[in-house]
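As the structure lists them, so they are numbered: ligands from 1, and atoms in each ligand from 1.
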Amino acid sequence: MRTPAHFDLLILGGGCAGLSLAMRLAESGYPGRVAIIEPRSVYVDDRSWCFWAPDQHPLAALVSRRWSRWRGSRWNRDVIERSAPGLSYQYVNSLDFYQHALEAIRGTDNIELKLDQKVVDVTREKDLFHIQTADSKLQARWVVDTRPPAPARLSESVLHQCFAGRVVSLAPESPGRFEPDAVELMTDMRRDEHGLQFSYVLPFARDRALVEVTRFCPAPVGARQLGAELDQLLARRGWKVGAVEREESAVLPMGLPQPDSEPMPGMVRAGTGGGALRPASGYGFQRIQRWAGACSQRLGAGFGPLAQPPDSTRQRFMDGLFLQVLRDQPERAPELFGRMFERVPGPVFVRFMSDRAGWSDSLRIISSLPWRPFLQTLGRRGRPGPARLA
Ligand SMILES: Cc1cc2nc3c(=O)[nH]c(=O)nc-3n(C[C@H](O)[C@H](O)[C@H](O)COP(=O)(O)OP(=O)(O)OC[C@H]3O[C@@H](n4cnc5c(N)ncnc54)[C@H](O)[C@@H]3O)c2cc1C
């Protein structure tokens with residue numbers, strides 16, 4: 001019988017969170033033996049990561065496009081444009097990120113990526129973790145679990161963010177063109193029986209963009225329906241597609257109940273399954289980068305790994321209440337987002353979206369919104385039905 005290979009740290013899942021941590025460990029010269037276990041056999045460009053940031057930051061070299069302005073729909077459906085001095089909305093192509101991380105890992109002799117391996121069981125015995133994959137057994141002192149949440153947990157989220165997008169090049173005869181100076185964050189807002197729907201457009205050039213249809217909905221909407229809605233959006237805007245470069249789609253949890261961050265002593269959760277996605281927006285990339293930096297520092301200092309930290313009580317309450325209002329009163333969703341775009345200055349909006357809102361920013365956001373729906377939802381808290389506010 002073969003003796004299981006022994007590691008100081010095992011990272012379960014080599015997606016954004018797993019690779020971000022491995023990359024930080026590689027860059028910092030972490031001396032321990034590490035393995036990342038990942039089911040995929042090859043990395044492809046499977047998603048686009050966007051976030052607001054200043055020009056200089058540790059991953060600035062990976063940013064392939066920046067926009068200094070963004071657009072959103074007012075309540076009356078007019079489009080409004082906003083900006084925040086010194087900050088831009090930045091786009092990282094996922095394959096560039098994966099390749100950068102893989103290169104950092106390849107430059108070490110103590111961190112290895114095990115592709116084509118799926119974790120099927122994790123147990124702990126005598127201070128050691130025993131990890132079972134389909135065809136091997138591994139042991140480790142510490143475990144960071146970045147596997148996605150199980151479907152049963154996903155269904156407990158307050159809302160789902162469902163989207164389908166295509167990176168398209170327009171046909172030469174296309175009547176409509178993209179406007180490459182500003183992204184469309186939330187335009188064409190409308191509400192139907194499935195919840196809120198809006199468009200999200202990252203224009204890379206006048207004839208090339210990522211165009212997405214997004215929904216915030218209580219129950220996931222199927223990819224086929226979203227695909228049909230995307231066709232309608234392209235037709236409505238006069239964007240005649242010449243070629244589709246790639247497609248992306250997802251169902252992201254919004255307001256997942258806070259997970260048990262350390263399911264066993266020495267094992268922590270991170271990434272989406274650890275609560276990394278911002279409940280009110282589904283953004284997670286920067287939150288994962290901050291966690292990866294802090295976790296790698298802690299491991300470097302000789303301690304065990306760090307779980308994805310929970311949000312502040314204020315942010316949890318605000319996001320939880322906002323999601324609950326969207327769920328209870330979906331007909332108000334275009335008004336709520338429209339008011340926010342209309343009344344909240346660009347810098348405040350960016351700080352709010354980037355987890356950096358202070359008290360005065362929070363008050364500014366609150367005062368931009370009608371109070372009645374929030375009071376109604378707060379009043380319903382004691383009654384049966386979903387009412388998770390923090
Ligand atoms: C299409 C898309 C676009 C997004 N756009 C943005 C954006 O613009 N901005 C933003 O901030 N956030 C965005 N997000 C949200 C978030 O940043 C990403 O979902 C991010 O990839 C989350 O990282 P993660 O490591 O938790 O999950 P993933 O990157 O999905 O990694 C999880 C890994 O676990 C692996 N795995 C699964 N099962 C097992 C198993 N049994 N054993 C071992 N490994 C396993 C998977 O193969 C995967 O590689 C987007 C998400 C998606 C899906």
task: Report yes or no: does a heavy atom of Y91 sit under 4.0 Å from some atom of ligand 1?
output: no

- line: Closest to atom 23 (O) of ligand 1 among protein heavy atoms sits C16 CB, 3.2 Å

F337 and its ring pair (Phe, Tyr, Trp, His ring centres under 6.0 Å) partner, picked from F198, F349, F322: F322

task: Check A276 against ligand 1 and report side chain, backbone, both or neither, counting heavy atoms closer than 4.0 Å.
output: neither

query: Taking N or O atoms only and a 3.5 Å limit, does G271 qualify as a polar contact for ligand 1?
result: no

message: Can you classify the ring geometry of Y283 versus Y89 as parallel (below 30°), tilted (30 to 60°) or perpendicular (above 60°)?
response: perpendicular

statement: Ranked by distance from atom 22 (C) of ligand 1, the top protein heavy atom is T272 OG1, 3.4 Å

task: Give a yes or no on whether the ring-centroid distance for W49 and F97 is below 6.0 angstrom.
output: yes

message: Taking atom CZ as the centre, does R356 end up with more than 12 heavy-atom neighbours from other residues, nucleotides or ligands that are less than 6.0 angstrom away?
response: yes

query: With backbone taken as N, CA, C and O and side chain as the heavy atoms from C-beta onward, which portion of R287 lies under 4.0 Å from ligand 1: side chain, backbone, both, or neither?
result: neither

task: Please determine, by modelled atom types, if T377 and D328 share a side-chain donor-acceptor pair under 3.5 angstrom.
output: yes

Test of proximity, R40 against ligand 1: N or O pairs below 3.5 Å: yes

task: Determine, using ring centers only, whether F51 and Y91 are less than 6.0 Å apart.
output: no

query: Which residue and non-hydrogen atom of the protein lie closest to atom 13 (C) of ligand 1, and at what distance in Å?
result: W49 CD1, 3.7 Å

task: Ignoring angles and geometry beyond distance, decide whether A17 reaches within less than 3.5 Å of ligand 1 through its nitrogen or oxygen atoms.
output: yes

No-hydrogen, no-angle side-chain donor-acceptor test under 3.5 Å, E248 and S48: yes

query: Considering distance alone, does some N or O of Y98 sit under 3.5 Å from an N or O of ligand 1?
result: no

- request: Indicate, as side chain, backbone, both or neither, the part of C50 found under 4.0 angstrom from ligand 1 when only non-hydrogen atoms are considered.
  value: both

message: Under 3.5 Å between any N/O of E248 and any N/O of ligand 1: does that happen in this structure?
response: no

- request: Any chance you could measure L230, atom CG, to F163, atom CZ, to the nearest 0.5 Å?
  value: 12.0 Å

message: Checking the N or O distance criterion of under 3.5 Å, is ligand 1 in contact with S249?
response: no

message: Side chains of Q225 and E229: any donor to acceptor distance under 3.5 Å?
response: yes

field: Protein residue, atom and distance nearest to atom 37 (C) of ligand 1, heavy-atom basis
entry: P148 CD, 3.3 Å

- prompt: Relative to ligand 1, is I37 under 4.0 angstrom through side chain, backbone, both or neither, heavy atoms considered?
  reply: backbone

query: Is any NZ, NE, NH1 or NH2 atom of the basic residue among D355 and R287 found under 4.0 Å from an Asp or Glu carboxylate oxygen of the other?
result: yes

- request: Please work out whether any backbone atom (N, CA, C, O) or any side-chain heavy atom from C-beta onward of F51 is under 4.0 Å from ligand 1, and answer side chain, backbone, both or neither.
  value: neither

task: Mark yes when over 12 heavy atoms from residues, nucleotides or ligands other than R332 sit less than 6.0 Å from its CZ; otherwise mark no.
output: yes

query: Taking non-hydrogen atoms only, is L277 closer than 4.0 angstrom to ligand 1 via side chain, backbone, both or neither?
result: side chain

message: Pairs of nitrogen or oxygen atoms closer than 3.5 Å, one from Q286 and one from ligand 1: do any exist?
response: no

query: Counting both backbone and side chain atoms, is some N or O of A250 under 3.5 Å from an N or O of ligand 1?
result: no

- prompt: For ligand 1, is any non-hydrogen atom under 4.0 Å from V120's backbone (N, CA, C, O), its side chain (CB onward), both, or neither?
  reply: neither

query: Is the CZ atom of R298 crowded by more than 12 outside heavy atoms at less than 6.0 Å?
result: yes

message: Can you confirm, on distance only, whether ligand 1 has an N/O atom lying under 3.5 Å from any N/O atom belonging to Q117?
response: no

message: Is it the case that over 12 heavy atoms from other parts of the model lie below 6.0 angstrom from the CD atom of E245?
response: yes

- prompt: Among protein heavy atoms, which sits nearest to atom 21 (O) of ligand 1, and what does the distance come to when rounded to 0.1 Å?
  reply: R47 NH1, 2.9 Å

message: Would G284 count as being in polar contact with ligand 1, using the rule that some N or O on each side must be under 3.5 angstrom apart?
response: yes

